[in-house]
A.B. asks: 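I have a structure I would like to understand better, so I am pasting it below and will then ask my questions one at a time.
All residue numbers refer to positions in the sequence shown, counting from 1.
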Amino acid sequence: QVQLVESGGGLVQAGGSLRLSCAASGRTFSNYAMAWFRQAPGKEREFVAAINTNGGRRSHDDSVKGRFTISRDNAKNTVYLQMNNLKPEDTAVYYCAADYKVSGLFDITTPRTADEYDYWGQGTQVTVSS
């Protein structure tokens, strides 16, 4: 089992920034690709960004490219999402997710679909006011 705990959400004005963190515990963090998804009220959960096990490869959805950056610190068992130039349409609950990779640090994939992820955090609310 992997436990994921998100933090860093809050209320911010449009154009502002937030940094989300997701702390993992329970298994070897570096064996997991990590991702951020979000879900707005009345909408389906959608992919935001993913990072491979060693942090060398990243993938961002087009809607956040150039504004959001995913990163990870395997020594701290933590994945981050730096969010800049926030827009009202970024308002959602943000979830981090972990996908076990048997190849560990040699894996280069950054999965973008929710079904590929094995573990999920409880979510953190991000609200962007106009």
A.B. asks: Can you name the nearest heavy-atom pair linking N52 to I108, along with the distance?
C.D. replies: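 Closest approach of N52 to I108: ND2-CA, 3.7 Å.
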A.B. asks: Per the ring-ring contact (aromatic ring centres under 6.0 Å, His included) rule, what does the pair list look like for residues 18-41, sequence neighbours excluded?
C.D. replies: Y32-Y100, F37-F47, F37-Y117, F37-W120
A.B. asks: Search all heavy atoms of I70 against all heavy atoms of A50 and return the closest pair with its distance.
C.D. replies: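 Smallest interatomic distance, heavy atoms only, reads CG2-O, 3.6 Å.
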A.B. asks: Using side chain to side chain contact (heavy atoms under 4.5 Å, CB included) as the criterion, list what pairs up with Q125, not counting sequence neighbours.
C.D. replies: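 With sequence neighbours excluded, Q125 shows a side chain to side chain contact (heavy atoms under 4.5 Å, CB included) to T91, V93, T127, given in chain and number order.
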A.B. asks: Identify the heavy atoms of A24 and L4 that sit nearest to each other, and give their distance.
C.D. replies: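 Residues A24 and L4, closest heavy atoms: CB-CD2, 3.6 Å.
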A.B. asks: Determine all donor-acceptor pairs shorter than 3.5 Å in which one atom belongs to a side chain in residues 74-84; sequence neighbours excluded.
C.D. replies:
from	atom 1	to	atom 2	distance (Å)
N74	OD1	R72	NE	2.7
N74	OD1	R72	NH2	3.2
N74	ND2	T53	O	3.0
T78	OG1	K76	O	2.8
Q82	NE2	N84	OD1	2.9
N84	OD1	S17	OG	3.0

A.B. asks: Nearest 0.5 Å, what's the CZ-OG distance between R57 and S59?
C.D. replies: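 Output value for this atom pair is 11.0 Å.
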A.B. asks: Strictly distance-based, threshold 3.5 Å: is any side-chain N or O of D61 a donor or acceptor partner for the main-chain N or O of V64?
C.D. replies: no
A.B. asks: Can you hop from M34 to F106 via hydrophobic side chains spaced under 4.5 Å?
C.D. replies: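 No.
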A.B. asks: I need the L105 CG to N31 CG distance, nearest 0.5 Å.
C.D. replies: 7.0 Å
A.B. asks: Sort and list the pairs that fulfil salt bridge (Lys or Arg N to Asp or Glu O under 4.0 Å) and have at least one residue in residues 84-96, not counting sequence neighbours.
C.D. replies: R38-D90, R67-D90
A.B. asks: From S30 OG over to K101 NZ, what is the distance, rounded to the nearest 0.5 angstrom?
C.D. replies: 14.0 Å
A.B. asks: Can you name the residues that form a side chain to side chain contact (heavy atoms under 4.5 Å, CB included) with T124, not counting sequence neighbours?
C.D. replies: E6, L20, Y94
A.B. asks: Would you confirm whether H60, through its side chain, and V48, through its main-chain N or O, come within 3.5 Å as a donor-acceptor pair?
C.D. replies: no
A.B. asks: With T113, which residues qualify under side chain to side chain contact (heavy atoms under 4.5 Å, CB included), at least two apart?
C.D. replies: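 Per chain and number, T113 pairs via side chain to side chain contact (heavy atoms under 4.5 Å, CB included) with E116.
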A.B. asks: Which atom pair, heavy atoms only, marks the closest approach of P111 to A33?
C.D. replies: CD-CB, 4.0 Å
A.B. asks: Check the side chains of T110 and R58 for a donor-acceptor pair under 3.5 angstrom, ignoring hydrogens and angles.
C.D. replies: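 Not at all, the side chains of R58 and T110 share no donor-acceptor pair under 3.5 Å.
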